[in-house]
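Keep in mind that the numbers below use all heavy atoms, side chains included, and drop hydrogens, waters and symmetry copies.
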Amino acid sequence: MSLLEVQGLKTAFHTAEGTVQAVDDVDIRIDPGEIVGLVGESGSGKSVLARSIMGLVESPGEVSAEEIRLNGQSLQEMSDEDLRAVRGNSISMIFQDPVNSLNPTLQVGEQIAENIRLHQDVNESVTLSAEVKRKILGAAKNAESWQRAIEMLESVGIPEAESRAQSYPHEFSGGMAQRAMVAMALSCQPDLLIADEPTTGLDVTIQAQILDELEALLTEFDTSILLITHDLAVVAETTTRANVMYAGEIIERAPTEELFDNPAHPYTEALIASTPRLENPDDRIEPIPGSVPDLIDIPYACHFSPRCPEATEECFELEPEPVDIGTNHEASCLKREPVGDL
Ligand code: SF4
């Protein structure tokens, strides 16, 4: 059984200018123990898709889906209370901009300890008065939740974790704050971690360290990861399967190696050609012409057609359906033949 099964997910925002179809009929699946990539340019709908799965899209956003299941349970049929419990216990999310995602008024260790008290079996009161007292007086440093918070900070590679736990978020560098976010997200030992651009804005060395840590944590905590990024190099290094998103739709999906060896959709080919290669830094980089379209009432059937070097007249009129091109590889392009028709 898949850990996460999403089918036919749509997210729309109704605005004065018209309906923004930010996510349009997306299917996505994550199996236990996998790191699955979701890649695409900024504005392609990746973060909205993640927030839609988490049930975090607020009005005027409207989410509908044929199915959103975690461990076989329908998230759509759950009460708000049960959904909140799932968000705390079974799914965690690391948001972009880690420094601003942490509470600036609380020590980092206390934020993680609070999460542990709420979601793990520690014998400490979580009544409102007990939590308020902790906020005013500080957490008891001999409490189990505090000790586990320090262990979590150590596990994500924060040096001198015991003293750093007493720092406030503004005292952390971007890389340290990102590690603290990973520690916080994993402190409830989720089945699924959704990591939204977890390395954006960090220098290359810190990026590599955080990605290594994510991979190690997958094994240690038995957590699957949906890794959202605009960076194909991150997907190539870290994931086993990858989904490419463009203008609200998944336009190609395949095992990661297959996707890079045999990209089938012109957008994926263009993304790969626009990505610098560490092993061949002198290779020419070809930027993708144009930009992601405004998602209000897109007038052409294939949303990539104005930017596509292979576009013909039919691409503006006929909507491409996903085509099975073999080896668990699908691409939504009118110019690709299904495997049985080759
Ligand atoms: S359907 Fe046409 S425009 Fe769209 S990606 Fe394929 S060739 Fe390009």
Atom pair [atom1] ([X]) and [atom2] ([Y]), whose distance is rounded to the nearest 0.5 Å:
{"X": "Leu153", "Y": "Arg148", "atom1": "CG", "atom2": "CZ", "value": "14.5 Å"}
{"X": "Glu144", "Y": "Glu151", "atom1": "CD", "atom2": "CD", "value": "8.5 Å"}
{"X": "Leu38", "Y": "Ile30", "atom1": "CG", "atom2": "CD1", "value": "9.0 Å"}
{"X": "Leu226", "Y": "Ile91", "atom1": "CG", "atom2": "CD1", "value": "10.0 Å"}
{"X": "Ile194", "Y": "Phe95", "atom1": "CD1", "atom2": "CZ", "value": "9.0 Å"}
{"X": "Glu5", "Y": "Ile68", "atom1": "CD", "atom2": "CD1", "value": "11.5 Å"}

Please confirm whether the backbone N or O of [Y] pairs with a side-chain atom of [X], one donor and one acceptor, at under 3.5 Å?
{"X": "Ser224", "Y": "Asp31", "value": "yes"}
{"X": "Gln166", "Y": "Ser163", "value": "no"}
{"X": "Thr240", "Y": "Glu34", "value": "no"}
{"X": "Gln76", "Y": "Ala65", "value": "yes"}
{"X": "Glu252", "Y": "Leu259", "value": "no"}
{"X": "Ser74", "Y": "Glu77", "value": "yes"}
{"X": "Arg179", "Y": "Ile210", "value": "no"}
{"X": "Lys335", "Y": "Ala311", "value": "no"}
{"X": "Thr15", "Y": "Glu17", "value": "yes"}
{"X": "Glu197", "Y": "His230", "value": "yes"}

Student check: side-chain heavy atoms of [X] and [Y] closer than 4.5 Å:
{"X": "Glu215", "Y": "Thr238", "result": "yes"}
{"X": "Val108", "Y": "Pro169", "result": "yes"}
{"X": "Leu70", "Y": "Leu3", "result": "yes"}
{"X": "Val86", "Y": "Met78", "result": "yes"}
{"X": "Glu314", "Y": "Ser305", "result": "no"}

Say whether [X] and [Y] are linked into one hydrophobic cluster, either directly or through other cluster members, by side-chain heavy-atom distances under 4.5 angstrom.
{"X": "Val6", "Y": "Met245", "value": "yes"}
{"X": "Val20", "Y": "Leu49", "value": "yes"}
{"X": "Ile251", "Y": "Leu232", "value": "yes"}
{"X": "Leu75", "Y": "Val57", "value": "yes"}
{"X": "Leu192", "Y": "Leu56", "value": "yes"}

For [X], is the [atom1] atom crowded, meaning more than 12 foreign heavy atoms sit under 6.0 Å from it?
{"X": "Asp82", "atom1": "CG", "value": "yes"}
{"X": "Gln73", "atom1": "CD", "value": "no"}
{"X": "Lys10", "atom1": "NZ", "value": "no"}
{"X": "Asp222", "atom1": "CG", "value": "no"}
{"X": "Glu162", "atom1": "CD", "value": "no"}
{"X": "Glu257", "atom1": "CD", "value": "no"}

Which heavy atom of [X] sits nearest a heavy atom of [Y], and at what distance?
{"X": "Leu106", "Y": "Gln111", "value": "O-NE2, 2.9 Å"}
{"X": "Phe13", "Y": "Ala22", "value": "CE1-CB, 3.8 Å"}
{"X": "Ala149", "Y": "Ala113", "value": "CB-N, 3.8 Å"}
{"X": "Pro322", "Y": "Glu330", "value": "CB-OE1, 3.6 Å"}
{"X": "Ala185", "Y": "Leu193", "value": "CB-CD1, 3.5 Å"}
{"X": "Val323", "Y": "Glu337", "value": "CG1-C, 3.6 Å"}

Worksheet, complete the sentence: side chain to side chain contact (heavy atoms under 4.5 Å, CB included) with Asp231: of Leu227, Thr229, Val235, only one passes, and it is Thr229
Discussion item. Taking side chain to side chain contact (heavy atoms under 4.5 Å, CB included) as the criterion, tell me which of Met181, Met54, Arg87 meets it with Met93.
Written reply: Met54
Worksheet item: Yes or no on side chain to side chain contact (heavy atoms under 4.5 Å, CB included) for Leu214 and Ile35, after CA distance, side-chain angles and deciding distance?
Response: CA-CA 9 Å; Leu214 276 178; Ile35 304 185; 5.5 Å; no
Show every donor-acceptor pair shorter than 3.5 Å between a side-chain atom in residues 296-304 and any protein atom, with sequence neighbours excluded, or say none if there are none.
none

Worksheet item: Does the pair Leu102 and Met184 meet the rule for a side chain to side chain contact (heavy atoms under 4.5 Å, CB included), with working shown?
Response: CA-CA 10 Å; Leu102 291 163; Met184 183 125 85; 3.6 Å; yes
Fill in: Test log, rule side chain to side chain contact (heavy atoms under 4.5 Å, CB included), inputs Cys188 and Ser92
CA-CA 8 Å; Cys188 56; Ser92 272; 3.3 Å; yes
Discussion item. Taking Arg117 first and then Glu110, would you say they form a salt bridge - that is, a charged N and a carboxylate O separated by under 4.0 Å?
Written reply: yes
Worksheet entry | Note: Arg29-Asp27 ion pair, threshold 4.0 Å (strictly below) | no
Worksheet item: Mind checking whether His265 and Tyr267 have parallel, tilted or perpendicular rings, split at 30° and 60°?
Response: perpendicular
Worksheet entry | Stepwise side chain to side chain contact (heavy atoms under 4.5 Å, CB included) check, Arg164 with Phe172 | CA-CA 9 Å; Arg164 297 311 308 222; Phe172 272 31; 3.6 Å; yes
